[in-house]
Amino acid sequence: MSSPELDIQNLKVSFSTPRGKLTAVNGISFHLNRGETLALVGESGCGKTVSALSILRLLPEPPAEILSGKILFSGQNLLSLNAKALQDLRGRSISMIFQDPMTSLNPVLTIGEQMAETLLRHTAMNRQEALQKSADLFGRVELPSPEEKLKHYPHQLSGGMRQRVMIAMALACTPRVLIADEPTTALDVLIQAQILELLDNLKKDTGMSILIITHDLGVVAEIAQRVLVMYAGEIVESGPARALLNNPLHPYTKGLIASVPKLGTIKKTGARLEEISGNVPSLDQRPSGCAFHPRCAWAIEKCKTQKPELRQADAQRQWSCHLEPGSI
Amino acid sequence: MTTEKNIPLLEVRNLKKYFLPEKKFLEEQAPPVRAVDGISFTLKAGETLGLVGESGCGKSTAARTLLRLIEPTSGQVSFCGTNLFDLKETEMRSLRRKMQIIFQDPYSSVNPARRIGHILQEPFEIHGHQDKKENAEKATQLLEQVGLTPDHFNRYPHELSGGQLQRVGIARAIALNPKLVVADEPVSALDVSIQAQIINLLLDLKENLDISYLFISHDMGVIEYFCDRVAVMYLGKIVELANSEQIYNSPQHPYTTALLNAIPNLESGRIKQKTSIKGDIPNPATPLKGCAFHNRCPIKEKQCEEEIPPLKEIGPGHLVACFLK
Ligand SMILES: Nc1ncnc2c1ncn2[C@@H]1O[C@H](COP(=O)(O)OP(=O)(O)OP(=O)(O)O)[C@@H](O)[C@H]1O
Ligand SMILES: Nc1ncnc2c1ncn2[C@@H]1O[C@H](COP(=O)(O)OP(=O)(O)OP(=O)(O)O)[C@@H](O)[C@H]1O
Ligand SMILES: [Mg+2]
Ligand SMILES: [Mg+2]
């Protein structure tokens with residue numbers, strides 16, 4: 001097998017806060033294969049965005065601090081690159097679509113100018129060529145009347161259009177890796193379906209790899225080949241999307257899947273949804289042992305004190321739980 | 001108040017709410033935003049009606065107008081037979097206890113400087129119950145009713161998680177035994193693992209307290225689970241209204257079909273059918289001529305570009321606004 005595009009090893013990130021140094025990402029390891037779409041899912045605050053931002057060193061340091069780990073891209077450890085080398089890499093080899101499209105566009109520049117700027121920075125194009133290429137890219141992401149759109153300001157576009165502009169910008173230099181942080185969360189299902197289809201087509205055309213962050217398991221089923229499930233700063237389960245969604249091993253994954261109302265399930269009167277009890281733990285109140293144990297219906301004594309290690313279920317699946325598969 | 005069997009709990013007739021943008025000096029008055037553009041429906045006692053549609057289609061505006069939290073442009077709303085828009089503010093206030101609302105964002109809907117206990121005593125104080133001890137007791141009972149504990153009484157909103165705070169919002173809404181609760185995206189801001197808890201709580205309260213809901217969401221899965229009937233809104237208008245089974249098993253409006261097809265399906269892992277819908281929602285201030293959906297509609301014909309299709313009954317209780325049905 002060829003070596004992965006991205007290989008993250010034992011990444012640990014903390015924040016200095018008035019309540020002390022808090023660990024947001026607690027030693028996660030994963031890889032992204034060439035041409036693959038990998039989904040990162042988990043509850044709000046579990047560390048998805050922090051993990052993604054660490055890859056490109058986009059976290060404010062301080063308060064953030066990368067305590068340990070390696071991020072290997074083409075055999076290079078990104079954590080040991082200098083600022084200039086990182087700058088060259090960002091937007092060219094690895095691009096990111098940010099969680100909030102409103103704040104990541106400059107409100108006083110036309111979107112054409114912003115697009116062209118990205119191209120001028122990373123390529124040898126002149127201004128005219130950059131604008132032409134921008135219009136091409138807008139067409140590619142199916143923005144209606146792309147030439148005209150160059151002259152628009154961000155506020156003149158709908159949320160769905162702004163998100164497509166962000167995608168066009170991220171794709172400007174045909175990156176090898178695209179990191180998309182909740183790219184469709186702010187959008188309606190119709191626009192969401194268009195964007196997912198677009199990402200999938202672009203991936204097929206260019207052979208890029210996608211790391212998509214989402215909390216929507218439907219989106220995962222739709223677009224990802226593999227899934228990582230995070231809980232409280234750690235990866236608790238990973239595996240091929242189909243297998244993981246059909247047969248979750250970790251109680252948290254199982255709970256998440258069960259608590260989504262599924263279309264077409266006839267509601268019986270008085271029927272309740274399956275729910276995960278309890279609340280998401282905050283950073284300074286991470287439980288001992290398995291972080292999920294206070295909410296876990298199957299927790300045993302051991303779970304309160306002993307942290308489960310990630311174990312291998314088969315060649316492609318890992319999970320961290322003291323219980324045997326089949327017993328939950 | 002007794003609800004007679006044959007009077008609907010809520011009857012909305014041709015309700016409109018237009019927002020007029022502020023006129024700037026020396027500039028022409030911009031056209032109004034037709035946020036809610038003539039909607040009609042009824043809600044029977046004990047029933048749950050879902051209101052679904054894309055962002056900006058007017059769901060929240062409809063909710064706030066029909067509760068008269070904002071004044072309507074035109075139309076009628078009667079609640080247990082009383083026309084709300086005829087009432088004076090004082091009369092409206094006493095009726096309000098019977099009609100409550102739960103908001104999407106639990107943090108912005110409570111006063112951050114007040115303790116949870118106080119937030120829950122407010123409804124009683126506003127409606128003339130001044131016995132502090134009794135109010136505090138009732139507030140404690142409410143906490144338990146929504147699955148919180150008495151030790152939440154003295155906490156501040158920022159000390160609670162989103163899900164816990166949404167429970168407080170629900171407790172406040174049910175404090176005065178309402179007949180109608182409008183739930184405006186009550187779970188959208190919550191973590192997936194918490195959403196099911198809140199939906200179950202709302203279902204339990206419906207069983208125990210005889211509440212009718214107008215349930216607003218953009219999530220077709222949640223709506224199907226929760227609602228007896230569903231109204232689908234598009235750009236300020238209802239385009240389809242039917243019971244859940246009809247909507248989900250035989251949707252008639254092409255927009256409803258598109259919505260259902262676009263939902264990523266956990267089980268099959270494929271959109272049922274590649275979406276044929278392109279383009280964006282038109283601006284509600286400059287509506288299209290004809291059917292508002294025609295620019296995105298896969299089956300439109302000439303007539304759709306010229307005339308507005310009326311909402312008509314095509315089967316028992318199944319209303320659709322489409323020329324081609
Ligand atoms: N600049 C910061 N200072 C302190 N804590 C931070 C900072 N940025 C993030 N955190 C904390 O790190 C944790 C992980 O945050 P992160 O944004 O990665 O969550 P997430 O999984 O992306 O959640 P969401 O689904 O809500 O986007 C959270 O508890 C968050 O409060
Ligand atoms: N106070 C206001 N002034 C002007 N326009 C408004 C006002 N409130 C809402 N609108 C507009 O009315 C339309 C309907 O908005 P509304 O908030 O009712 O939509 P919604 O269906 O609840 O959307 P969402 O799903 O995003 O909550 C939108 O175009 C919105 O911009
Ligand atoms: Mg995030
Ligand atoms: Mg709304």
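In what follows, chains are A, B, ... by sequence order, proteins preceding strands, each numbered from 1.
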If we define contacts as heavy-atom pairs under 4.5 Å, which of B/H218, B/Q164, B/M220 has the most with chain A?
B/Q164
Step through the shown structure and confirm whether more than 12 heavy atoms of other residues, nucleotides or ligands are within 6.0 Å of NZ on B/K300.
yes
Using non-hydrogen atoms and a 4.5 Å limit, figure out which bit of B/I199 sits close to chain A: side chain, backbone, both or neither.
side chain
Counting only heavy atoms not in B/R155, do more than 12 sit closer than 6.0 Å to its CZ atom?
yes
Specify the closest pair of heavy atoms between B/Y255 and A/L190, including all atoms of both residues, with the distance to one decimal.
CE1-CD1, 3.7 Å
CD/B/Q195 to CG/A/L256 distance, rounded to the nearest 0.5 angstrom?
10.5 Å
What's the shortest heavy-atom distance between B/G221 and A/P261, and which atoms?
O-CB, 3.6 Å
Is A/L217 close to chain B through its backbone or its side chain, or both, or neither, when contacts mean heavy atoms under 4.5 Å?
both
Counting only N and O atoms by type, is there a donor-acceptor contact under 3.5 Å from the side chain of B/Q197 to the main-chain atoms of A/G278?
yes
For A/V220, is it the side chain, the backbone, both or neither that has a heavy atom under 4.5 Å from a heavy atom of chain B?
neither
Rounded to the nearest 0.5 Å, how far does CD1 of B/I263 lie from CG of A/D216?
10.5 Å
Side chain from CB out, backbone as N, CA, C, O: work out which of these in A/E274 comes under 4.5 Å of a heavy atom of chain B, or both, or neither.
backbone
Side chain from CB out, backbone as N, CA, C, O: work out which of these in B/D219 comes under 4.5 Å of a heavy atom of chain A, or both, or neither.
neither
